[in-house]
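This report refers to the structure that appears directly beneath it.
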Amino acid sequence: MRTLHKELKEHIGKEPVSIQGWLHKKRLLGGLTFINVRDRSGVTQVVIKDKDEVEKLRGMQIGTVLEVQGNAIDEPRAPGGIELHDAKITVMVPVTDEPPVEIDKPLSHKPDNLDTLFDNRVIGLRNLQETSIFKIRSELTRSIREFLYQHDFVEINTPKLVAGAAEGGAEVFKLDYFGKEATLAQSPQLYKQIMVGVFERVFEIAPAFRAELSATTRHVSEVTMLDIEMGFIDDHNEVLNMVQDMVYSVLTRMYDEQGDTLKSLRAPELVIKPEFPRYSMAEIHQLFSKETGKDTTKEVDLTPEEEKWICEYSKQHDGCEAVFATGLPKSKMKFYHMANDDDTAKSADLLFRGVEISTVPQREHRYDKLVEQMKAAGIDPAHPGFSHYLLAFKHGLPKHGGCGFGIDRFAEKIIGLGNIKEAILFPRDINRLAP
RNA sequence: GGGCUCGUAGUGAAGAGGCAUAUCACGCCUCCCUGUCACGGAGGAGAUCGCCGGUUCGAAUCCGGUCGGGCCCGCCA
């Protein structure tokens, strides 16, 4: 029976155990050989003295799948204090090709070397530092789910093959669908609003596809989005508070439970408060222009430089590196957003560590007003991509709001990486479709 | 789509007209090594310097083109 690395302590001084895993490292010292064997729970050090056993590993490269039988020993000199002695080696899957990248020391994440990193991704992901990134990401989505379940949200799955663009205007991937033209969903926007009429509170964690020709450290063509939508809200603030509480809860829990892993990845210290500062975009333009001398007061949206600046400003002045930028100008709002009486919309961007990770609007739930805004945006309400959507409103949708939330960007910023792609297993961008 | 940049063994880097038979580290191969943990020591193999053309007595190095990356802007998650 197989014993995992994490279970070894229960077997110290007892019957011999058998571990299975990948050869992670060899150190031959002559009469004494150390090997590291990696399984899903960790890396076990094995001590081999028998020359015949060492000889079984001759020519076997890192990645060789092994079974090792031996005695678990309490040994202070071993990493983790436990190691395997009197080892009997069985090579289960021999590997004779040397790996294209080394997996026992950190891989280069320099921008110039990202192409090599992703070309060799299949093997590079076995590097323990890469593994840590995706362990953090897994914990992130787990804790988001738990928070939302606790608040009565129902997890849904909506179609990714759709008849029309969800938001009109943005670039979409078009494809042939049995002779008809379909697109890959760039957002579950319409479906999640429809589902408010069913469950009140819904969320989805799923890919969204963006065909924009962007080549920056924060864009990819396939993103993982957390989409949240909640009905029967009092006002826009209720949505902001829900997203704020979720982010606060997830971040503090992450730093609490995964502190060692974050430290090993050299993640920045967390500077956060339960209530995130809220600045209007107009305020940010004014503050930024005053402090830097660069006039942005005529900008409609925040510039990337302002996004970085306001997060740093808020970190210094408010002790919180997560901040809401409220009051999106009406000229930038989508047809399904709710407008304010002035020239702004009920929408806010959540910024964290210098980048926009979420947009948090209240929706226009009044049928007539919505149709009016659709027409103004040049959308035909009778189009099959939209007529079903409108049906949900005709038959009663309460005041509601939600968010689109970039999981990749959030994971990237939590860990302190420099490029969104580093937080994605197999990233897709304008020139990468494999692996 | 616009602008700016970078391509040197499997990996990461140095070399910026002739000192070059292209240097170093990791990895790989051979040998030595009984407490390593980025083990150590000795030796070895591995690169038509992305590709094509030009300038020059001479090009990894300068110029032009081309292919492939990266970064920034626009747009957004």
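A note on names: the letters A, B, ... follow the listed sequences, proteins ahead of strands, and every chain is numbered from 1.
Scored by the side chain to side chain donor-acceptor pair (under 3.5 Å) test, A:R266 finds no partners at all (sequence neighbours excluded).
Using a 4.0 Å cut-off between charged side-chain N and carboxylate O, A:K308 and A:E305 make no salt bridge.
Side-chain N/O atoms of A:S187 include none lying less than 4.0 angstrom from OP1 or OP2 on B:A77. Within the 4.0 Å cut-off from OP1 or OP2 of B:C39, at least one side-chain nitrogen or oxygen of A:K25 is found. Phosphate contact (OP1/OP2 of B:A25, side-chain N/O of A:K105, threshold under 4.0 Å): absent. The side chain of A:R432 places no N or O atom within less than 4.0 Å of a non-bridging phosphate oxygen (OP1 or OP2) of B:G70. At B:G70, one or more side-chain N or O atoms of A:N431 fall inside 4.0 Å of OP1 or OP2 (strictly under the cut-off). In terms of phosphate contacts, A:T116 brings a side-chain nitrogen or oxygen within less than 4.0 Å of OP1 or OP2 of B:G12. Contact annotation: A:T359 reaches the phosphate of B:A77 (side-chain N/O to OP1 or OP2, under 4.0 Å).
Computed from coordinates, the A:F118 CZ to B:G68 C1' distance equals 16 Å when rounded to whole Å. Put simply, CG on A:D104 is 9 Å from C1' on B:C26, counting in whole angstrom units. One atom, CD1 of A:I407, and another, C1' of B:A77, lie 10 Å apart when rounded to the nearest Å. Between the CG atom of A:L114 and the P atom of B:C6 there is a distance of 17 Å, rounded to whole Å. Per the geometry, CG belonging to A:N113 stands 15 Å off P belonging to B:C6, to the nearest Å. What separates CG of A:N120 from P of B:G12 is a distance of 8 Å, to the nearest Å. If you measure from atom CD of A:E130 to atom C1' of B:U11, you get 14 Å, rounded to the nearest angstrom. One can place CD of A:E306 at 12 Å from P of B:C73, the figure rounded to the nearest angstrom.
If you check every strand for non-hydrogen atoms under 4.0 Å, A:D408 touches nothing. Residue A:L28 is classed as a base contact, given a heavy-atom separation below 4.0 Å to a base. Note on A:T224: nothing from the nucleic acid sits closer than 4.0 angstrom, heavy atoms only. Note on A:S358: only backbone sugar-phosphate atoms sit closer than 4.0 angstrom, heavy atoms only; bases stay farther off. No engagement by A:A208 is indicated, since no non-hydrogen atom pair under 4.0 Å with the nucleic acid exists. When heavy atoms are screened at a 4.0 angstrom cut-off, A:T33 is found touching no nucleic acid atom at all. Counting any heavy atom pair closer than 4.0 Å across all strands shown, A:G406 reaches sugar-phosphate atoms only and no base atom. Counting any heavy atom pair closer than 4.0 Å across all strands shown, A:V355 reaches no nucleic acid atom. Residue A:F34 is classed as a base contact, given a heavy-atom separation below 4.0 Å to a base. Residue A:H85 is classed as a base contact, given a heavy-atom separation below 4.0 Å to a base. A:L213 comes within 4.0 angstrom of a base, heavy atoms only. Across all strands, A:P100 comes closer than 4.0 Å only to sugar-phosphate atoms, never to a base (heavy-atom distances). Heavy atoms of A:E307 sit under 4.0 angstrom from at least one base atom.
Using a 4.0 Å cutoff on non-hydrogen atoms, the parts of residues 38-65 of chain A near RNA chain B are A:Q45, A:R58, A:Q61, ordered by number.
Remark: the A:R409 side chain and the B:C76 base include a donor-acceptor N/O pair separated by less than 3.5 Å. No hydrogens or angles were tested; on distance alone, a donor-acceptor pair under 3.5 Å links the side chain of A:R210 to the base of B:A77. Contact annotation: side chain of A:E212 to base of B:G1, donor-acceptor pair absent below 3.5 Å. Interface remark: the A:E102 side chain does form a donor-acceptor pair with the B:G10 base, using a distance-only criterion of under 3.5 Å.
Looking only at atom types and distance, the side chain of A:E364 has no donor-acceptor partner in the side chain of A:H337 under 3.5 Å away. Under 3.5 Å, the side chains of A:Y149 and A:E155 contain a donor-acceptor pair of N or O atoms. Between A:H236 and A:E238, the side chains place no donor N or O within less than 3.5 Å of an acceptor N or O (distance only, hydrogens not considered). A:T44 and A:E83 share no donor-acceptor pair across their side chains, judged by distance under 3.5 Å alone. Under the 3.5 Å distance criterion, with hydrogens and angles disregarded, no donor-acceptor pair is assigned to the side chains of A:E146 and A:Q150. Under the 3.5 Å distance criterion, with hydrogens and angles disregarded, no donor-acceptor pair is assigned to the side chains of A:Q69 and A:S18.
B:C75 and B:U11 have their P atoms separated by 38 Å, with the value rounded to a whole Å. Comparing B:G7 with B:U21, their C1' atoms are spaced 24 Å from each other, to the whole Å. As rounded to the nearest Å, B:U30 and B:G68 have P atoms that lie 40 Å from one another. On the C1' atoms, B:G18 is 7 Å away from B:G58, given to the nearest whole Å. Distance check on atom P: B:C49 versus B:U61 gives 9 Å, rounded to whole Å. Using P as the reference atom, B:C52 and B:C57 are 23 Å apart when rounded to the nearest Å. The P atoms of B:G27 and B:A38 are separated by 12 Å, rounded to the nearest whole Å. Spacing between B:A9 and B:U48 at atom P, rounded to whole Å, works out to 8 Å.
Summary of the strand contacts: A:M225 and A:G418 both lie near RNA chain B, and taking for each the nucleotide with the nearest heavy atom, the more 5' one is attributed to A:G418.
In this structure, A:F324 and A:F276 have tilted ring planes: the angle between them lies in the 30° to 60° band. Note on ring orientation: taking the six-membered ring where Trp is involved, the planes of A:F386 and A:Y389 are perpendicular (angle over 60°, cut-offs 30° and 60°).
When each of B:A77, B:C37, B:C76 is scored by its nearest atom to the side-chain atoms of A:P79, the top-ranked nucleotide is B:C37. Of the candidates B:C71, B:G69, B:G35, B:C71 carries the atom nearest the A:T217 side chain, counting heavy atoms from C-beta on. When distances run from any side-chain atom of A:E83 to the nucleotides B:G70, B:U36, B:G35, the shortest one goes to B:G35. Counting only heavy atoms from C-beta on, A:R27 has its side chain closest to B:U36 among B:U36, B:G27, B:C75.
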For A:T344 and A:N340: C-alpha separation, side-chain torsions, deciding distance, then whether side-chain hydrogen bond (donor to acceptor under 3.5 Å, both in side chains) applies. CA-CA 6 Å; A:T344 62; A:N340 281 318; 3.0 Å; yes

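Look at B:G64: its Watson-Crick or wobble partner, with both distances under 3.5 angstrom, is B:C52. With a cut-off of 3.5 Å on both pairing distances, B:A9 has no Watson-Crick or G-U wobble partner at all. With both pairing distances under 3.5 Å, B:G1 is matched to B:C73 as a Watson-Crick or G-U wobble pair.
Against the 90° criterion about 0, the sugar-base torsion of B:A20 places it in the syn range.
The shortest non-hydrogen separation linking A:V355 to A:E307 is CA-OE1, 4.3 Å.
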